[in-house]
Structures are given as structure tokens and as C-alpha cells.
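Convention: sequence-line order gives letters A, B, ...; per-chain numbering from 1.
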2 protein chains.
Amino acid sequence: MNQRKPDRRVQRTRRQLQESLTSLILAKGYDAVTIEDITEQANLGRTTFYLHYKDKEELLMQSLEAVFDDLVAQIQQRSIDDWVAHGQGPWTLAFEHAAENARFYQIILSGQGGDGIKRRVQNYIAATAKTTITRRAEELGASLSLPIEVLSNYIASSLLGLIAWWLESEQTYTVAQMDDFFRQLTMHGTARAIGFVPLTGGED
Amino acid sequence: MNQRKPDRRVQRTRRQLQESLTSLILAKGYDAVTIEDITEQANLGRTTFYLHYKDKEELLMQSLEAVFDDLVAQIQQRSIDDWVAHGQGPWTLAFEHAAENARFYQIILSGQGGDGIKRRVQNYIAATAKTTITRRAEELGASLSLPIEVLSNYIASSLLGLIAWWLESEQTYTVAQMDDFFRQLTMHGTARAIGFVPLTGGED
DNA sequence: TACAATTGTGAACATGGTGTTCATAATATA
DNA sequence: TATATTATGAACACCATGTTCACAATTGTA
């Protein structure tokens, strides 16, 4: 009945484990962090870790999802048209958030973060894009010219790929610039950027 | 002086190690393969492995690069316009190659393939895209509307992301369809696919 | 063919993280 | 206060890694 309130110790333990992991990642990278590092930093027994999480990756993903859920909620407070009207894309907040935690995501997204973290982050973005686009398509009564799965996955991988590159390159460009670049690519595709002018929309 | 011909034993050993690794990846996944598995399968001493490679990843990347170099050479035999004239993108061969070795790339690209493999593959694609685009831009005397690094990285991550998704989804679509999807996105961007019609190219 | 250099071998070893068990202690909730 | 839940830490088995070393096998060449 009251599944609602987990034991105080549980909350405390999990929070400490999460905080310890993120701070350790900043200190020594992802792979280098051992379970014992985490529990020691958190002042907990190593056994306790396995009482709550299967492995490092599960711990990290739960932390990330909490943060992402917040971010998505913020983004969805505005409609797509609202964002565009302000000369921004909905993903502006994503670029901002990434910049604010640059070193952290640099490590996580470098791909040398455990097995499937980048992939799981990408899945999260794709799922978000999918529901957002679906909802919008319903509002407009419009139909997609591509399978939603293809589209959402394309968006997720290109956005995440660009963010990862941007962080690795020590942020050669500002958030506003990245936002603008991504909008151009989103609006007109890569062809125009290369200077390749399509045959004026021929064979749709 | 004659750096040219490595000892026959070296060639033989390296080839056997490469073949063993790829076959083992198909058999039990990437992570599950140990150095000992590889050398045993290759009928070599475990020590021998370290005589040639630092770790599993180095071995795998060298195998991949050999394959990729071939593929790129094939692709570059035609000009971009040639490809387009035939109703295809240069990346058609990439989709084909991926389909032919579906299970292999499914594992490699799932992200659960060692630390940075997907990332290194993506870097390879980005580098290829960069030189290709640069060359073409020089031919046309055109200038890019985006930094080449941004562009090439966007292309690489979206292409690889799409391929990875496609393989994971058990290839719900044909090579020709994927090629067409990617071309649509390349030519017109994602916005049009959503049914979002831009303000007729307003404020460039 | 014989010889010197290179390469492969296998055993042995140290290292280090993982994941599990279990009896016991600490703490929360009712 | 009583009972259930959670945390503890020591101990253990396990397994892959990476390195060393003395010796064997093979190769390219003189």
C-alpha cells in the first residue's frame, strides 16, 4: 500500500551512490571507477552497492534519466512553434545543459564510457523525439513522409553525435552557434550546406 | 631497407588472429571474447597475441580499417553526381556492406562492442566525408555554409546511427529504402519530413 | 646448407576487480 | 518497544589481464 516511501536509508544510500559516481567520473574517468571506489567515497560497504544496483552502468543510467526527465519537461513547456518563433530549436536546452556539464558528458559520451551508455542515451532521445513528433503530427493532421522510427533515430543520432563532437572539440562554437547549425541542417538538410542544389523538389 | 615483407609467420599469425576474432564475435559477442579465446581458436600461444597487438580493440580496428579502405575506394570510383544520376547516394554501398555482414555489425555497433569502437568507426566516416566534401567544394568553387567539421560529423553520426538502428531492428526496410530515406533527409532535412514547412527560406 | 635473427611457446606469477554468502549490527517504521 | 528492513565487513571463489623468461621453431640470408 505505501510503496510510496522507501526507507530513509534507501533514499540516502542511493543518493550518495549517485553523487559519488558522478564526482568520481569527473575525477578519474568512467572505466577507472570501481565499485569499491564508489562505496568508499560514499562511506558505504561494498556489499551495499549490490543491494541496490546491478552494476555501474545501471547506477549511472538511473542518475541520467532523472536529469533528462527534468530537461524534457522544461523543453516541452513550449510548443515547437514557440521555440522556432524565438529563433531557437527545442534542443537549445540540450546544448546548454551539455555545456554546463561539459567535462562530465565529454567522458560519458566519448564512447569509452561503459558498454552501452551512449547508446542508451540515444535511445532516450529517440523515444522523446518519437512521442513529440507523433503528437505534433496528430495536431496538424499531417502524415510523415518517412517512418517515424527512421526519423526519430536520425534526429537522435545526429543531435547526440554533434553534441559529442562539440564537447570533444572543447566547444569551439557557442551554444547559439551550435543551435543555429543544427537548425540549418534540420531545415534544409546537408545537401544545401555543401552547395548542392537539388532539382527544385522534383519527384516527391 | 626491406621493411616491405614482414616475416611469413607474422602475416600468418596476424591473419589468423583477425579471422579468429571476427568469427568469435559472431559466435559469442564482443565482450565475451577473451584473448585466450582468440589465441586458442587461432592455435597460437596467448603470449603471441601481445607480441602483435595491445588489446582486442586494436586487433579489431585494424581488421575494420582494411575493410573500410576497400569500401571507400569503391565508393570513390564514382563521382557524387554519378551516384545521384543513378538515383542513389554514395552511401548505398555502405548500406549494402552492412546488410551483408548484418550480424557482425549488429554486435560491433550496438555500442556494447568495446570502449570506443563505434566512436572510432564514426571518426573514420567523418574523416572520409570531410575529404570528399572538401574536394568537391573545391571543384565547384563553392563555399560551405557550415564549418566542415560540423557538417562531416553530422553526416557521420546520422549515417552510422541510422545503420545501427536498421540492423538492430532486423532490417525492416530494404537497402534501397534506407538509401532513399537517407537521401530525403540529406536533401531536405528533417523538418520537411515532419510536415513543417519553413518560412520559405527567410532569414539566411 | 648452415647460421643468426626473428618469432612463437607455455608455464608461472602477480594483480585487481567482480559478485556472492553469511552472521551480525544498526536503523527505521508501526 | 518490537519487528522488519537495511547496512556491514570479512571471507571466498573466480577469471581475465598482462608480463616475464628460458627455450623451441621457423625464417631469411650469407
B:Leu44 CG - D:dT26 C1' separation (whole Å): 14 Å
CD (B:Glu36) with more than 12 external heavy atoms under 6.0 Å: no
Separation of atom CG in A:Asp55 from atom P in C:dT20, rounded to whole Å: 11 Å
Flag for A:Gln41-A:Ser23: side-chain donor and acceptor within less than 3.5 Å: yes
B:Arg9 (side chain) and D:dT27 (base): donor-acceptor pair under 3.5 Å: no
Value in whole Å for how far the P atom of D:dG9 lies from CD1 of A:Ile35: 17 Å
Nearest-angstrom distance from the residue atom CZ of A:Phe49 to P of C:dT21: 17 Å
Gap between atoms CD1 and C1', on A:Ile38 and D:dT8 respectively (whole Å): 18 Å
Length of the CZ-P vector between B:Arg12 and C:dG8, whole Å: 9 Å
Interatomic distance, B:Asn43 CG vs D:dA25 P [rounded to whole Å]: 16 Å
Donor-acceptor pair (no angle test) under 3.5 Å: A:Arg46 side chain, C:dG19 base: yes
side-chain contact (heavy atoms from CB on, under 4.5 Å) evaluation trace for A:Lys56 with A:Ile25: CA-CA 11 Å; A:Lys56 241 192 327 179; A:Ile25 286 176; over 6 Å; no
Distance-only donor-acceptor test (3.5 Å): side chain A:Thr47, base D:dG9: yes
Atom pair CG (B:Leu93) and CH2 (B:Trp83), whose distance is rounded to the nearest 0.5 Å: 4.0 Å
Side-chain donor/acceptor of B:Arg8 to base of D:dG28, under 3.5 Å: no
